Structures are given as C-alpha cells and as structure tokens.
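Have a look at the structure below, then the notes.
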Amino acid sequence: MKSTPTPLLKGEILEALPEREQPNDSTRIVLAVIDREKIRLECHLEDVRRLTNEDADLLLAICSVGLRYQCYFDRKRLDFGRQISPGSQVFVEVKGVSKKLHGTVWYVGELVGLRGTMFGVELTKNPGQGTSDGTFRKKRYFVCALDSGVFVALDKLTPFEDSDSKVHVPVRHRVNIERKVNIVRHEVNIDERVVTFAGDAPVRGTVGYIGEDKDSNGQIHTIVAQLTADQQQESAILVVYCIEFL
C-alpha cells in the first residue's frame, strides 16, 4: 500500500540532520521538522532559507505556525524582538482583555518545558489583569504583584512608541550606568532587601532583576533593576542601578 506524503505547513521550522545523514550530493540537504522530529525532508539547498539561532528561538516560541510565518516575513517584527531586553517598554496582548496593555519586560529567554524565546512582562499600569507573579511552573523568572505579569511570545508584543523603550526613572532616582554605586555586599539575590544611593539620598527596596551590562570602556558591571522602592519613600517605582561590589 502506497503511503501518503505528510504535508508541511507554512511556518514550520526545520533543522539539518547530522553530517553522516546528509546526501553525497552537496547541492541537497536533509532536514527534520523541529516540532515533528519524525518528519524528514530532502530538498535542494536553494529551496530553504537559513535562520540565525536567535531568530529561530524567537519564532519557535510562537505556537501558531501561521503567525510564525507572518512574523518571519515581517522583518520589523523580528528586528523588534532582537532589541527587547529587560527594562524594555512594550504593549502586550493578554488573553481575555480586548485592548493591548502597557508592560515592562523583565525576562527574556527559555521557560521550563517550552521551546524558544519567551518574554516575561509586568503589566505596570494594569495590575491584576495578568496570569502570573513572575513564576512559571513553580520557577521564578522575575518579581511582580500577584496576577500582574504574563509570559508571552513575540507575536503578542508590539513596540511602545511613546517610550525610548527603557524604564522611565524619575530624575532624582536616576543613576548613570557609567557611574559606579557602591554597595557593601559580595552578591545580591532576587527578592533581597538592599540599599543604594541616588545622589546623596539612600534608596531602599527589593531586588527584582539581576543582570550585566558594559560601559563605554567595555567594563562589565552588575545591574540590579526593578528595585521597588519602599512605600515610605514616596510611591513604589522602578529604577535601574549599577552596582559595584566591595
């Protein structure tokens, strides 16, 4: 009985098999569908387009192959996805909410049990309309109030056009990333209580994100972001600080 060929869908992503499984003809290549690994395809090299690992991860997280296909040909969308980093301001589509909500991205990367690059977003102006407090499958990726965060793929995000794409920090609490702010600790952990200084004023709060960045001289500094200030110091704010460990 003749088998029926399995059709491929627009938006499916394939990866090359190991060299030992490739044909002798150098103009052809054998690929496997990432989401359906048992499906193999042999074709001419000129019939496929190579993806960077970064683009592949951005696209793999999108569940709908149709939307994935659209995002691939929307180069602005992929460019936008590459530029998103912790602190970026975005609009996000939330299931069950009719309009896009403003949010701050605090996590970019893989989630437990899921493929591709996901984004952890705090709904900064719409607390309570999310589905998470920054945890996913019992693992914490960032910190926010209960039901005030979401984890989404790139297709659910759009640029926040009225922002410079970074967290707006009130002037009195802003610290230049190239200025080192001393803190007497050897390490800082998420959820930890800390104190630092903006100018001569102490700022106390709770750490929500930890990362690294380079200054103009190429020196790497530890960045403690999403430091939520104590309520007795005006209202809770989001700030970004450069920390030098003593």
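Not measured: the values here are computed from a predicted model.
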Out of Glu42, Gln22, His44, Glu46, which one pairs with Ile29 under the side chain to side chain contact (heavy atoms under 4.5 Å, CB included) rule?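 When side chain to side chain contact (heavy atoms under 4.5 Å, CB included) is applied between Ile29 and each of Glu42, Gln22, His44, Glu46, only Gln22 qualifies.
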Do [X] and [Y] come within less than 4.5 Å of each other through their side chains, counting heavy atoms only?
{"X": "Leu123", "Y": "Asp147", "value": "no"}
{"X": "Val92", "Y": "Val152", "value": "yes"}
{"X": "Ser85", "Y": "Val105", "value": "no"}
{"X": "Lys125", "Y": "Leu101", "value": "no"}

Stepwise side-chain contact (heavy atoms from CB on, under 4.5 Å) test for Asp155 and Ser64: CA-CA 9 Å; Asp155 61 304; Ser64 165; 6.0 Å; no
Hphob cluster co-occupancy, [X] + [Y], side-chain heavy atoms under 4.5 angstrom:
{"X": "Val97", "Y": "Val150", "answer": "yes"}
{"X": "Ile39", "Y": "Val48", "answer": "yes"}
{"X": "Leu67", "Y": "Met118", "answer": "no"}
{"X": "Val90", "Y": "Leu58", "answer": "yes"}
{"X": "Tyr107", "Y": "Phe119", "answer": "no"}

Restricting to non-hydrogen atoms, name the atom on [X] and the atom on [Y] that form the minimum distance, rounded to 0.1 Å.
{"X": "Gly11", "Y": "Arg68", "answer": "O-CD, 2.7 Å"}
{"X": "Gly128", "Y": "Ser148", "answer": "N-OG, 3.0 Å"}
{"X": "Cys144", "Y": "Gly149", "answer": "SG-N, 3.6 Å"}
{"X": "Cys71", "Y": "Leu78", "answer": "O-CG, 3.7 Å"}
{"X": "Gly103", "Y": "Val121", "answer": "CA-CG1, 3.7 Å"}
{"X": "Arg49", "Y": "Phe73", "answer": "NH1-CE2, 3.4 Å"}

Between Leu154 and Ile84, does the side-chain contact (heavy atoms from CB on, under 4.5 Å) criterion hold? Intermediate values first, please. CA-CA 10 Å; Leu154 178 60; Ile84 298 174; 4.3 Å; yes
Applying side chain to side chain donor-acceptor pair (under 3.5 Å), can you list everything that pairs with [X], at least two apart in sequence or on another chain?
{"X": "Asp133", "answer": "Thr135, Arg140"}
{"X": "Arg40", "answer": "Glu21"}
{"X": "Thr27", "answer": "Asp25"}

Are the side chain of Thr104 and the backbone N or O of Gln89 linked by a donor-acceptor pair below 3.5 Å?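 Not a single qualifying donor-acceptor pair exists.
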Does Ser88 reach the main-chain N or O of Pro86 with its side chain, forming a donor-acceptor pair under 3.5 Å?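 Judged by distance alone, no pair lies under 3.5 Å.
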Roughly how far, to the nearest 0.5 Å, is the [atom2] atom of [Y] from the [atom1] atom of [X]?
{"X": "Lys95", "Y": "Lys156", "atom1": "NZ", "atom2": "NZ", "answer": "9.0 Å"}
{"X": "His102", "Y": "Asn126", "atom1": "NE2", "atom2": "CG", "answer": "9.5 Å"}
{"X": "Asp55", "Y": "Arg50", "atom1": "CG", "atom2": "CZ", "answer": "13.0 Å"}
{"X": "Ser132", "Y": "Phe142", "atom1": "OG", "atom2": "CZ", "answer": "5.5 Å"}
{"X": "Arg77", "Y": "Leu157", "atom1": "CZ", "atom2": "CG", "answer": "7.5 Å"}

How would you list, by chain and number, every residue that makes a salt bridge (charged side-chain N to carboxylate O under 4.0 Å, His left out) with Asp79, sequence neighbours excluded?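 Salt bridge (charged side-chain N to carboxylate O under 4.0 Å, His left out) list for Asp79, sorted by chain: Arg82.
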Is it true that the side chains of Thr117 and Glu110 contain a donor and an acceptor less than 3.5 Å apart?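 Their side chains do not contain a donor-acceptor pair, so the 3.5 Å distance test is not met.
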Suppose clustering is done on Ile, Leu, Val, Met, Phe, Trp and Tyr with side-chain heavy atoms closer than 4.5 Å. Which residues sit in the same group as Val30?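 Members alongside Val30: Leu17.
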My understanding is that only residues two or more places apart in sequence, or in another chain, count here; which of them pass ring pair (Phe, Tyr, Trp, His ring centres under 6.0 Å) with Phe136?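 So Phe136 forms a ring pair (Phe, Tyr, Trp, His ring centres under 6.0 Å) with Phe151.
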Dump the intermediate steps for side-chain contact (heavy atoms from CB on, under 4.5 Å) on Glu12 and Leu41, then the final yes or no. CA-CA 12 Å; Glu12 289 193 300; Leu41 169 70; over 6 Å; no
For Tyr72 and Leu51: C-alpha separation, side-chain torsions, deciding distance, then whether side-chain contact (heavy atoms from CB on, under 4.5 Å) applies. CA-CA 10 Å; Tyr72 172 74; Leu51 291 171; 3.3 Å; yes
Please indicate whether Arg75 has more than 12 foreign heavy atoms, meaning atoms of other residues, nucleotides or ligands, lying under 6.0 Å from its CZ.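 Correct, the count exceeds 12.
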